[in-house]
Asks: 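Mind having a look at this structure? Questions to follow.
Counting convention: from 1, in listed order, for ligands and their atoms alike. Excluded from the calculations below are hydrogen atoms, water molecules and symmetry mates; all remaining heavy atoms, backbone and side chain alike, are included. In this text the structure is predicted, and so the values were computed from the model without any measurement.
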Amino acid sequence: MIEQIKASANYIKERVAGFEPEVGIILGTGLGGLVNHIEIAHSIPYNEIPAFPVSTVEGHAGRLIFGTLGGKKVVAMQGRFHYYEGYATWQVVFPVRVMKFLGIQTLFVSNASGGINSSFRVGDLMVITDHINLIPNVLIGKNINELGARFPDMSEPYSKALEALATEVAASKGIKLQYGCYVGTTGPTFETPKEYGYFKAIGGDAAGMSTTPEVIAARHMGLPVFGISIITNAAFSGQKSTHEEVQQEGAKAEKRMSALIIGMLEKM
Ligand code: HPA
């Protein structure tokens with residue numbers, strides 16, 4: 001796998017001719033609009049990159065975007081890979097591995113989730129302070145020592161320094177933040193009432209179908225992570241959860257989410 005990661009990274013390095021990203025961003029739900037703020041220098045469709053996984057969603061090739069945002073050089077993933085789509089976990093995190101080889105020093109990740117904490121409201125932004133991973137661990141298998149340790153520490157999965165920065169930036173922009181633990185599930189089903197109850201009992205504040213594999217891979221490689229989640233449905237309410245609702249609420253939160261991320265990048 002390490003050869004494939006290097007092959008991808010080397011190809012990309014040639015394409016971007018000297019552009020060295022400092023920050024990697026996974027544009028999950030809620031951050032799609034961030035693309036419009038990036039001063040784009042290069043854009044590479046996933047299907048042109050050797051060994052890169054290719055997106056299954058029609059009309060959405062998926063691409064890596066290189067450019068400047070908030071005064072920082074960034075590489076953003078437009079389109080991510082989910083375990084529920086049928087990708088192996090190593091494929092889900094492959095782009096994160098490649099971004100590390102491109103030189104990123106920090107990873108930003110966003111997603112949509114169902115609120116389990118009953119003090120949350122639909123549309124809230126939740127800073128991810130910890131997670132409970134219920135997706136098969138991406139590090140199962142032979143460890144690649146060049147990437148990281150066999151038994152990685154996970155005492156600070158999400159950077160406390162970046163969390164503090166988010167709090168500061170949000171306060172200065174009047175953006176309300178919640179804080180909590182993200183439960184990463186395989187999906188694609190939303191949870192049963194008892195499953196939401198179970199997640200609450202074990203300490204979860206929100207549940208979603210992504211993110212934990214990428215964060216584990218990032219921590220394996222020593223990358224500090226900032227994670228943010230849009231509460232798109234009130235899972236605790238017992239009401240139906242739909243993909244449409246998730247999309248709509250995600251779109252509504254986009255402005256606040258983008259303003260927060262740009263503000264953080266400016267201050268890093
Ligand atoms: N559960 C799991 N994933 C989700 C949810 C949810 O309630 N909302 C958005 N993504």
Side-chain angles (χ1 to χ4, degrees), residues 25-34 55-57 60 62 77-87 89 92-93 96 108-138 157-158 176-216 225-258 260-261:
I25 306 174
I26 302 176
L27 302 170
T29 304
L31 276 187
L34 197 63
S55 217
T56 57
V57 190
H60 259 281
M77 281 175 67
Q78 191 176 37
R80 67 132 62 100
F81 303 97
H82 301 90
Y83 185 64
Y84 64 72
E85 291 176 88
Y87 296 103
T89 50
V92 171
V93 308
V96 177
F108 279 64
V109 50
S110 80
N111 61 47
S113 63
I116 297 169
N117 184 323
S118 56
S119 70
F120 291 178
R121 293 293 163 262
V122 168
D124 279 354
L125 298 185
M126 182 189 87
V127 174
I128 306 176
T129 56
D130 198 343
H131 74 220
I132 294 171
N133 176 46
L134 299 180
I135 299 173
N137 197 298
V138 61
Y158 300 85
K176 175 183 155 199
L177 291 181
Q178 304 282 14
Y179 299 81
C181 175
Y182 176 88
V183 181
T185 78
T186 64
T189 43
F190 289 109
E191 286 67 30
T192 66
K194 285 289 186 192
E195 283 166 345
Y196 284 127
Y198 162 56
F199 293 169
K200 184 175 183 169
I202 62 175
D205 293 295
M209 307 174 194
S210 66
T211 303
T212 52
E214 291 112 312
V215 172
I216 290 170
V225 175
F226 177 73
I228 183 125
S229 191
I230 302 172
I231 307 298
T232 54
N233 50 301
F236 55 82
S237 68
Q239 293 188 346
K240 278 207 167 128
S241 302
T242 67
H243 183 58
E244 288 66 37
E245 179 187 32
V246 169
Q247 298 277 303
Q248 275 169 21
E249 288 304 325
K252 276 197 239 165
E254 214 156 74
K255 261 197 183 140
R256 275 175 291 144
M257 193 106 131
S258 294
L260 176 70
I261 301 297

Asks: Does Y84 have any ring-ring contact (aromatic ring centres under 6.0 Å, His included) partners at least two apart in sequence or in another chain, and if so, which?
Replies: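 Once residues adjacent in sequence are excluded, the partners of Y84 under the ring-ring contact (aromatic ring centres under 6.0 Å, His included) criterion are H82.
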Asks: Please verify the inter-ring angle class for F108 with F226; under 30° counts as parallel, over 60° as perpendicular, anything in between as tilted.
Replies: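 Judged by the thresholds at 30° and 60°, the geometry between F108 and F226 is tilted.
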Asks: Is there side-chain contact between R256 and L125, with at least one heavy-atom pair below 4.5 Å?
Replies: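 A side-chain contact exists here, since the closest heavy-atom pair is under 4.5 Å.
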Asks: Hey, does the side chain of S258 reach the backbone of K255 with a donor-acceptor pair shorter than 3.5 angstrom?
Replies: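 No, because the side chain of S258 does not come within donor-acceptor range (under 3.5 Å) of the backbone of K255.
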Asks: Do N233 and E245 meet the criterion of a side-chain donor-acceptor pair at a distance under 3.5 Å?
Replies: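 Note: N233 and E245 side chains miss the donor-acceptor criterion.
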Asks: So which protein residues pack against ligand 1 under 4.0 Å, heavy atoms counted?
Replies: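 Lining ligand 1 at under 4.0 Å, by heavy atoms, one finds A112, S113, G114, F190, E191, Y196, A207, G208, M209, T232, N233, V246.
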Asks: Report yes if the distance between the aromatic ring centroids of F190 and H243 is under 6.0 Å, otherwise no.
Replies: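 Ring centroids of F190 and H243 are no less than 6.0 Å from each other.
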